Participant: 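The structure follows.
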Amino acid sequence: QVQLVESGGGLVQAGGSLRLSCAASGRTFSYYAMAWFRQAPGKEREFVAAISWSGHSLWYTDSVKGRFTISRDNAKNTVYLQMNSLKPEDTAVYYCAGDTRAVGNSPAYSYWGQGTQVTVSS
């Protein structure tokens, strides 16, 4: 089992950048596929990005391609989401998720963090 804790959210102006971090407990982090999802007020949770256990495979939703980058450091048990050129429509609570299965962009991940708020002002 793994516990996930997000950090790095905040308030930023449009065009700015933030880097989210997700720290995982447990010694088997390197075996987990990891992902970021987000949920805006009144909307369903949506997939943002995912990374395979090795870090060699990456997936992004179309709206963030070219602006967001997912990465991981297995030695630090941490996955990151670098967000550049932020837009007001990126405003949401961002969640980290993990699973030993290759879940991809499905919300069927077994483990979730508590979320971190990202607010982008226009």
Side-chain angles (χ1 to χ4, degrees):
Q1 189 167 351
V2 64
Q3 292 184 326
L4 305 174
V5 179
E6 302 97 332
S7 61
L11 174 64
V12 64
Q13 289 188 335
S17 298
L18 283 174
R19 188 176 80 156
L20 305 183
S21 298
C22 174
S25 64
R27 294 175 291 177
T28 59
F29 173 77
S30 59
Y31 299 138
Y32 282 72
M34 301 297 296
W36 290 94
F37 287 76
R38 64 186 180 187
Q39 187 167 19
K43 295 187 177 181
E44 292 188 354
R45 190 171 299 188
E46 67 168 348
F47 169 78
V48 176
I51 186 168
S52 63
W53 66 269
S54 66
H56 292 159
S57 297
L58 309 175
W59 299 268
Y60 297 95
T61 192
D62 285 346
S63 63
V64 307
K65 285 180 180 177
R67 300 189 299 123
F68 290 12
T69 302
I70 189 171
S71 63
R72 67 189 297 160
D73 185 337
N74 287 342
K76 295 183 178 180
N77 281 12
T78 303
V79 62
Y80 303 99
L81 186 67
Q82 177 67 45
M83 305 186 295
N84 299 328
S85 302
L86 282 161
K87 304 175 181 180
E89 51 264 44
D90 294 318
T91 295
V93 177
Y94 282 71
Y95 297 90
C96 173
D99 205 295
T100 55
R101 303 167 296 162
V103 182
N105 62 358
S106 163
Y109 284 80
S110 297
Y111 304 104
W112 292 83
Q114 83 290 347
T116 186
Q117 177 70 46
V118 171
T119 303
V120 184
S121 63
S122 57

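Every value quoted in this text rests on a predicted model; they were computed, and no experiment measured them.
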Participant: Would you name the heavy atoms of V79 and W36 that are closest together and state the gap between them?
Facilitator: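 Closest approach of V79 to W36: O-CZ2, 3.9 Å.
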Participant: Indicate the atoms forming the closest heavy-atom contact of A40 with A92, along with that distance.
Facilitator: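 Looking at all heavy atoms of both residues, the closest pair is N-CB, 3.8 Å.
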Participant: Using the test side-chain hydrogen bond (donor to acceptor under 3.5 Å, both in side chains), find all partners of S17 that sit at least two apart in sequence or belong to another chain.
Facilitator: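 Once residues adjacent in sequence are excluded, the partners of S17 under the side-chain hydrogen bond (donor to acceptor under 3.5 Å, both in side chains) criterion are N84.
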Participant: Can you pull out every disulfide (SG to SG under 2.5 Å) where at least one residue sits in residues 48-88? Sequence neighbours excluded, please.
Facilitator: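 Listed once each, the pairs would be none.
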Participant: Taking side-chain hydrogen bond (donor to acceptor under 3.5 Å, both in side chains) as the definition, give me every residue that meets it alongside S121, ordered by chain and number, with sequence neighbours left out.
Facilitator: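 Listed in chain order: nothing, the list is empty.
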Participant: Can you pull out every salt bridge (charged side-chain N to carboxylate O under 4.0 Å, His left out) where at least one residue sits in residues 7-16? Sequence neighbours excluded, please.
Facilitator: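 Found none.
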Participant: Which distance, rounded to the nearest 0.5 Å, do you find between the CG of L58 and the CZ of R72?
Facilitator: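 One finds 10.5 Å between CG of L58 and CZ of R72.
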Participant: Output all residues satisfying salt bridge (Lys or Arg N to Asp or Glu O under 4.0 Å) with K43, sequence neighbours left out; order by chain, then residue number.
Facilitator: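 K43 satisfies salt bridge (Lys or Arg N to Asp or Glu O under 4.0 Å) with no other residue.
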Participant: L81 and V48: which non-hydrogen atoms are nearest, and at how many Å?
Facilitator: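 So the two residues come closest at CD2-CG1, 4.2 Å.
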Participant: How many angstroms lie between CD in Q82 and CG in L18, if you round to the nearest 0.5 Å?
Facilitator: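 One gets 8.5 Å once the value is rounded to the nearest 0.5 Å.
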Participant: I need the minimum non-hydrogen distance between Y95 and G113, along with the two atoms involved.
Facilitator: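 Shortest heavy-atom separation between Y95 and G113 comes out as CD2-O, 3.7 Å.
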Participant: How long is the gap from CD on E89 to OG on S63, to the nearest 0.5 Å?
Facilitator: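 OG of S63 is found 8.5 Å from CD of E89.
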Participant: Write down the atom of Y32, the atom of G98, and the distance for their closest heavy-atom approach.
Facilitator: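 The pair with the smallest heavy-atom distance is CD2-C, 4.0 Å.
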Participant: Hydrophobic cluster membership, with links at side-chain heavy-atom distances under 4.5 Å among I/L/V/M/F/W/Y: are V64 and M34 in one?
Facilitator: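 Cluster IDs for V64 and M34 match.
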Participant: Mind jotting down which residue pairs meet the disulfide (SG to SG under 2.5 Å) criterion with at least one end in residues 62-95? Sequence neighbours excluded, please.
Facilitator: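 Qualifying pairs: none.
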Participant: Got a sec, which residues hit salt bridge (Lys or Arg N to Asp or Glu O under 4.0 Å) with R67, two or more places apart in sequence or on another chain?
Facilitator: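 Here the qualifying residues are D90.
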Participant: Which pairs count as side-chain hydrogen bond (donor to acceptor under 3.5 Å, both in side chains) when at least one residue sits in residues 102-111, sequence neighbours excluded?
Facilitator: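 Found D99-S110.
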Participant: Can you get from V93 to F37 by hopping between Ile, Leu, Val, Met, Phe, Trp and Tyr side chains that sit under 4.5 Å apart?
Facilitator: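 Yes, same cluster.
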Participant: What side-chain hydrogen bond (donor to acceptor under 3.5 Å, both in side chains) pairs are there with at least one residue in residues 44-53, not counting sequence neighbours?
Facilitator: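 Every side-chain hydrogen bond (donor to acceptor under 3.5 Å, both in side chains) pair that includes a residue of residues 44-53, provided the two are not neighbours, is R38-E46, S52-S54.
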Participant: Only distances under 3.5 Å count here; give the side-chain donor-acceptor pairs of residues 4-14 to other protein atoms, sequence neighbours excluded, each with its distance to 0.1 Å.
Facilitator:
from: E6; atom 1: OE1; to: Q114; atom 2: N; distance (Å): 3.0
from: E6; atom 1: OE1; to: Q114; atom 2: NE2; distance (Å): 3.4
from: E6; atom 1: OE1; to: G115; atom 2: N; distance (Å): 2.9
from: E6; atom 1: OE2; to: C96; atom 2: N; distance (Å): 2.8
from: E6; atom 1: OE2; to: G115; atom 2: N; distance (Å): 3.2

Participant: So which atom in V2 and which in A24 form the shortest heavy-atom distance, rounded to 0.1 Å?
Facilitator: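 For V2 and A24, the tightest heavy-atom pair comes out as CG2-CB, 3.6 Å.
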Participant: Output the distance between atom CG (N77) and atom SG (C22), rounded to the nearest 0.5 Å.
Facilitator: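 Reported to 0.5 Å precision, the distance equals 10.0 Å.
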Participant: Without swapping roles, check the side chain of T119 against the backbone of T91 for a donor-acceptor pair under 3.5 Å.
Facilitator: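 Between the backbone of T91 and the side chain of T119 there is no qualifying donor-acceptor contact (under 3.5 Å).
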Participant: Please say yes or no: joined through hydrophobic side-chain contacts below 4.5 Å, possibly via intermediate residues, are W112 and F47 part of one cluster?
Facilitator: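 Yes, W112 connects to F47 through the hydrophobic network.
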Participant: Which ring-ring contact (aromatic ring centres under 6.0 Å, His included) pairs, counting each pair once, include a residue from residues 55-94, with sequence neighbours left out?
Facilitator: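 Listed by first then second residue: nothing to list.
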Participant: Is Y31 reachable from V103 through a run of hydrophobic residues whose side-chain heavy atoms are each under 4.5 Å from the next?
Facilitator: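 Different clusters.
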Participant: Could you note down all residue pairs passing salt bridge (charged side-chain N to carboxylate O under 4.0 Å, His left out) where residues 104-122 supplies at least one of them, sequence neighbours left out?
Facilitator: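 Salt bridge (charged side-chain N to carboxylate O under 4.0 Å, His left out) check on residues 104-122 returns no pairs.
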